[in-house]
Amino acid sequence: MPELPEVEVVRRGLERWVAGRTVATVEVHHPRAVRRHLEGTGHFVAALTGRTLTAAHRRGKYLWLPLAETDGTPAGQALVAHLGMSGQLLVEKPSQPDGTHLRARFTFTDGGRELRFVDQRTFGGLAVEPCAGEEIPARLAHIAIDPLDGSFDTDAFSAALRRRRTEVKRALLDQTLIGGVGNIYADESLWRARLHGARPTDRLTRAQVAELLEGVRDVLTESLAQGGTSFDSLYVDVNGRSGYFSRHLAVYGQADRPCPRCGTPIVRESFMNRSSYSCPRCQPRPRSSPARPRRP
DNA sequence: CCCAGTCCCTGCGCGC
DNA sequence: TGCGCGCAGGGACTGG
């Protein structure tokens with residue numbers, strides 16, 4: 001379940017181990033891994049072979065690596081990757097045996113370590129997309145800037161959130177509003193801000209939004225410092241190592257365990273067809289009341 | 001435009 | 001021992 005910190009850890013690994021290298025061969029082992037590349041598998045392979053991956057960028061949970069010709073001229077395209085639920089980008093020696101869920105393999109002209117895309121549940125995927133220079137590919141333009149980006153506009157986010165007529169957890173998971181937050185960090189941020197996820201966004205005060213955003217920033221920053229969250233071997237960095245933030249989770253996956261703040265047992269609720277964890281004392285469920293009518 | 005619901009996919013743990 | 005079911009959940013898509 002890679003969210004922003006986990007994807008950022010992968011991005012740093014790609015920057016270090018892959019950027020600057022030229023693709024020798026591409027193998028696609030499962031067509032679903034390149035389903036977002038609409039021109040088909042053959043076109044995907046041809047678009048990457050002989051190209052140099054110049055850098056590794058991220059917005060929200062998406063990664064992209066701009067491509068260049070062998071003479072260094074920008075190709076105007078980028079390799080775009082999303083890890084979905086269970087995707088991994090691994091940098092491994094060619095002698096390392098293939099895993100069961102290997103979906104794509106890239107070898108490089110230097111004969112060094114391969115890049116392997118491994119994905120058990122195949123929610124993730126790869127594609128080559130048009131991309132001007134170092135700008136974000138147009139296909140990713142709808143993903144909002146994430147709160148760790150220096151250009152994140154706090155006031156604009158606060159205004160947009162309070163303009164929404166939905167529940168606050170739903171809004172946190174909306175990648176067009178704020179990038180990079182998934183189910184785990186949404187629950188952790190709401191706990192830090194002492195807000196229940198079902199609170200209506202249009203009734204939050206500016207102070208509550210500011211506290212929520214501080215919670216988001218803090219939890220993402222702290223997780224990144226720990227190398228991300230891992231529950232098992234499904235999320236790892238490019239070298240296959242797990243992060244350690246799962247030890248610091250206050251509520252996510254902690255049903256019946258004491259709230260670190262007040263000791264009340266954490267409850268698990270089904271919410272948006274997925275699990276939500278919260279402290280019933282620190283984060284009381286909002287009183288059900290009719291939605292505030294939108295101003296004409 | 002805005003928002004909610006559906007579907008995609010596989011491994012694992014649990015109850016019977 | 002085996003089988004079926006629920007669950008994990010990001011995001012593209014669809015329909016109201």
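Since the structure is predicted, the reported quantities are computational estimates derived from the model, not experimental observations. Proteins get letters first, then strands, A, B, ... in listed order; numbering begins at 1 in each.
When the side-chain nitrogen and oxygen atoms of A/Arg164 are compared with OP1 and OP2 of B/dC3, one or more of them lie within a distance under 4.0 Å.
Atom C1' of nucleotide C/dG11 and atom CE of A/Met85 are separated by 12 Å, given to the nearest angstrom. A straight line from CG of A/Leu172 to P of C/dG10 spans 12 Å, rounded to a whole angstrom. Atom C1' of nucleotide C/dG11 and atom CD1 of A/Ile178 are separated by 17 Å, given to the nearest angstrom. The interatomic distance linking A/Leu63 (CG) with C/dG10 (C1') rounds to 14 Å, in whole Å. Computed from coordinates, the A/Gln175 CD to C/dG10 P distance equals 8 Å when rounded to whole Å.
Applying the side chain to side chain donor-acceptor pair (under 3.5 Å) definition to pairs two or more places apart or across chains, those involving residues 46-59 of chain A are A/Glu8-A/Arg58, A/Thr22-A/Thr52, A/Arg51-A/Glu69, A/Arg51-A/Gln77, A/His57-A/Glu134, A/Arg58-A/Asp146. Residue pairs meeting the salt bridge (Lys or Arg N to Asp or Glu O under 4.0 Å) criterion with at least one partner in residues 206-222 of chain A, sequence neighbours excluded, are A/Arg192-A/Glu222. For residues 88-109 of chain A, no residue pair satisfies the ring pair (Phe, Tyr, Trp, His ring centres under 6.0 Å) rule, not counting sequence neighbours. Legend: salt bridge (Lys or Arg N to Asp or Glu O under 4.0 Å) pairs involving residues 79-102 of chain A, not counting sequence neighbours, sorted by first then second residue: A/Glu92-A/Arg116, A/Asp98-A/Arg105, A/Asp98-A/Arg116. Among residues at least two apart or in separate chains, ring pair (Phe, Tyr, Trp, His ring centres under 6.0 Å) pairs with a member in residues 147-171 of chain A are A/Phe152-A/Phe157.
Remark: the A/Tyr185 side chain and the A/Glu6 side chain contain an N/O donor-acceptor pair separated by less than 3.5 Å. No hydrogens or angles considered: nothing links the side chains of A/Thr166 and A/Thr201 as a donor-acceptor pair under 3.5 Å.
For A/Arg261, the side chain to side chain donor-acceptor pair (under 3.5 Å) test picks out no residue, with sequence neighbours left out. Applying the ring pair (Phe, Tyr, Trp, His ring centres under 6.0 Å) test to A/Phe117 and every residue at least two apart in sequence or in another chain returns nothing. Under the side chain to side chain donor-acceptor pair (under 3.5 Å) criterion, A/His43 pairs with A/His37, sequence neighbours left out. For the side chain to side chain donor-acceptor pair (under 3.5 Å) test, no residue two or more places apart in sequence or in another chain qualifies with A/Asp256.
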Once base and sugar-phosphate atoms are separated, protein heavy atoms under 4.0 Å mark nucleotides 5-11 of chain B, 5' to 3', with B, S and - as S--BBBS
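Note on A/Arg35: nothing from the nucleic acid sits closer than 4.0 angstrom, heavy atoms only.
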Identify all pairs in which a protein N or O lies below 3.5 Å from an N or O of nucleotides 12-16 of chain C, and state each distance.
unit_1, atom_1, unit_2, atom_2, d
C/dA12, OP1, A/Tyr62, OH, 2.2
C/dA12, OP2, A/His142, NE2, 3.2

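Counting only Watson-Crick and G-U wobble pairs whose two distances sit under 3.5 Å, DNA chain C takes part in these stems of three or more pairs: B:2-16 with C:2-16.
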